[in-house]
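What you see is a predicted model; the values in this text were computed from it and never measured.
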Amino acid sequence: MIKTSLSRAHRPSTSKIQAPHAAAHEGPTTNGPTTGASAVLDTAHVGDIKGAFGTILLDENSSPQSWKARLKTLLAIIGPGLIVMVGDNDAGAFGTYTQAGQNYGTSLLWTLVLLVPVLFVNQEMVLRLGAVTGVGHARLILERFGKFWGAFSVIDLFILNALTIVTEFIGISIGLSYLGVPQIPGVIVSALVVIGATSTGSFQRFERVCMVLVFGSLLLVPIFFMSSPDYGQIAHDFVVPGIPSGSSISDVTLLIIAIVGTTIAPWQLFFQQSYVIDKRITPRYMKYEKADLWIGIVIVVLGAGAIISFTAFTFAGKPEFGQFTDAGGVAQGLEKYVGHIAGILFALALIDASIIGAAAVGLSTSYALGDVLGLKHSLHRKVSEAKGFYAAFAGIILVSAIIVLIPGSPLGLLTVGVQVLAGVLLPSATLFLLLLCNDKQVMGPWVNGRAMNAFTSLVIAVLVILSVVLTTATLFPGIDGGTILTILGGGAVLVILAALVFAAFRIRARALGQVTQAPAVDRSERLTWRMPPIALLERPQLSLTRRVGLGVLWVYLIVAMILVIVRVVQLALGAA
């Protein structure tokens, strides 16, 4: 096993990163980020970093100065970004990407490139929050924005995650069916494997299992080469945006929104922040964790591109082109036109992706519940030491698996519900992420800069517009391309007007001397600064603009969720 360490000269002082027995959030001794107790809520979250590929010890003398030592440190840190990104290429992603390839060829590959900066900005803010605060996403929302938003974030996360895990077991069921494995025992065994891998009481063992699953995603590589891809066309469609000729604008737009929704999901924010904390990563390792995130983003984009591409070239010129059914149909098509081995590899890759997706989504739920309810919540703890944490995880996995096995379950409607609810909730999740990363009490020298804020605000605006389109299309399935383009155009105009109005008010306020220049952020202590205990933080003072914005967001979320639920119920009754 690879081990590296910090020298005493470069190691954070014990006043900033406490020994495990001193890291509890109760009983802070002083009111400052550099002398008080840590804000970490679970004492298991402090100590040696134990990764799949190595361990970083905090109490040895050698300092990682050479490139070999830095490589060892990177290998020990790798995990959170890689797992969250590979877990994102789950069953839902397989369905969306294969639909894009079978129905429209490689013409939508460019959408993946556009998602890269969005993925990085969102997940970089999350890993920064985790490393700096030592407190999970749900708990920070609860403490900084009140019980309502804290409860809302956990409840909607629980519902959405449960539905998402159902889709993971749908993927497992499809893969097993193709391989000729009976559905009931296969799904049950898969659920037990997920629960067993998570409940060993060893963070390191769990991460090693995840890395095996990450390597399992490489099963997509031989399928790509077996499909006789046109590399020139793939390169062109990756960098040159275009809409498939002769296709329905509404169908293509909704599929693009689905690609966005399946690539960027609320559970990712909660999972990565908590996983970074559970791995005991501190600000000192931020550059290594960013490298881990970039590796994960590259893998997720290449994996998605491979799925779209080999599906496109498999069905090009065939009767099934443009007639997507589900991932099972893709596996059969691969067997028919590429070979039986290709079909088997695809089914195995689908099962592999669904298992890692179920584990990550389930953990994001139990982490959030542990944070908010005050339960011991760490993979470093044995089951007997964190019964509630593991019970929540096992419960959501088993219930989701059972739903898939119930005859007549509206699995198609559940899949639709996941896509729409994720689209509705993602803008709010990103908004709270942005607000937290601008909270100086929470982030200190790690607060966002202006460029980050501007880009993230633009991302939120785009996500809101796409969310409105997706919700509208769910409520009114017959919506045409003209109406969708009108919503997109109208939303863009509103965003521009809002930006101009905001800029005008800022300029006027500065001219009247109503805006004081914020003091420059001292970033010299970034490597050792961590958030003080939450009880010592001053309550945030929300401006009128932010209060109005949160109120509008609340109304939108409630109305949109009610309308979506009503529509799904109508579809279920109509299909009954």
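Annotation: the span from Ile534 atom CD1 to Glu143 atom CD amounts to 4.5 Å, rounded to 0.5 Å. Rounding to the nearest 0.5 angstrom, the gap separating the CG atom in Leu433 from the CD1 atom in Ile141 is 8.5 Å.
A donor-acceptor contact shorter than 3.5 Å is absent between the side chain of Tyr390 and the backbone of Ser366.
Put simply, the residue from Arg139, Gln268, His137 that forms a side chain to side chain donor-acceptor pair (under 3.5 Å) with Gln273 is His137.
For the pair Asp88 and Thr263, the tightest heavy-atom approach, listed with the atom from each and the gap, is OD2-O, 2.5 Å. Counting all heavy atoms, side chain and backbone alike, Ala197 lies closest to Phe206 at O-CD1, 3.5 Å. The shortest heavy-atom contact between Asp371 and Gly136 is OD2-CA, 2.6 Å. Contact record, Met286 with Ala131: CE-CB, 3.9 Å, taken as the closest heavy-atom pair. The two atoms that bring Ala76 and Ile49 nearest to each other are O-CG2, 4.4 Å, heavy atoms only. Nearest heavy-atom pair, Ser457 versus Leu434, reported as atom, atom and distance to 0.1 Å: OG-CD2, 3.8 Å.
Using a 30° and 60° split on the angle between ring planes, Tyr288 and Tyr285 fall in the tilted class, from 30° to 60°. In this pair, Phe271 and Tyr367 present their aromatic rings tilted. The plane angle is within the 30 to 60° band.
For the pair Pro283/Leu527, no side-chain contact is recorded, criterion being any heavy-atom separation below 4.5 Å from C-beta on. The closest side-chain heavy-atom distance from Asn89 to Ser217 is not below 4.5 Å. Between Val40 and Val135 there is no side-chain heavy-atom pair separated by less than 4.5 Å. Put simply, the side chain of Leu115 does not reach to within 4.5 Å of the side chain of Thr111, judged on heavy atoms. In this structure, the side chains of Ile159 and Asp156 stay at 4.5 Å or more apart for every pair of heavy atoms. Between Gln441 and Arg144 the shortest side-chain heavy-atom distance falls below 4.5 Å. Residues Lys279 and Glu207 meet the side-chain proximity criterion, which asks for heavy atoms closer than 4.5 Å. At least one side-chain heavy atom of Val214 sits less than 4.5 Å from a side-chain heavy atom of Leu82.
For the residue pair Asp90 and Ser354, no side-chain donor N or O sits within less than 3.5 Å of a side-chain acceptor on the partner. Side chains of Ser378 and Asp278: a donor on one and an acceptor on the other come within 3.5 Å. The closest side-chain donor-acceptor pair between Arg284 and Thr73, if any, does not fall under 3.5 angstrom. Side-chain atoms of Ser364 and Asn161 form a donor-acceptor pair, as typed in the model, at a separation below 3.5 Å.
Checked against the 6.0 Å centroid criterion, the rings of Phe270 and Trp267 do not qualify as a close aromatic pair. Aromatic rings from Phe432 and Trp149 are positioned such that their centres are separated by under 6.0 Å. Side-chain rings of His377 and His45 approach one another, their centers coming within less than 6.0 Å.
Remark: Glu289 does not engage Arg128 in a salt bridge, criterion side-chain N to carboxylate O under 4.0 Å. Using a cut-off of 4.0 Å between Lys/Arg side-chain N and Asp/Glu carboxylate O, Asp48 and Arg280 are scored as not salt-bridged.
Enclosure of atom CZ in Phe158 is not indicated, since only 12 or fewer non-hydrogen atoms of other residues, nucleotides or ligands lie within 6.0 angstrom.
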Candidate pair Ile264 and Leu426, rule side-chain contact (heavy atoms from CB on, under 4.5 Å), full reasoning: CA-CA 8 Å; Ile264 307 170; Leu426 183 58; 3.7 Å; yes
Stepwise ring pair (Phe, Tyr, Trp, His ring centres under 6.0 Å) check, Phe152 with Phe145: CA-CA 11 Å; Phe152 186 88; Phe145 300 102; over 10 Å; no
Intermediate values then yes/no, ring pair (Phe, Tyr, Trp, His ring centres under 6.0 Å), Trp294 and Phe120: CA-CA 7 Å; Trp294 272 118; Phe120 178 77; 4.6 Å; yes
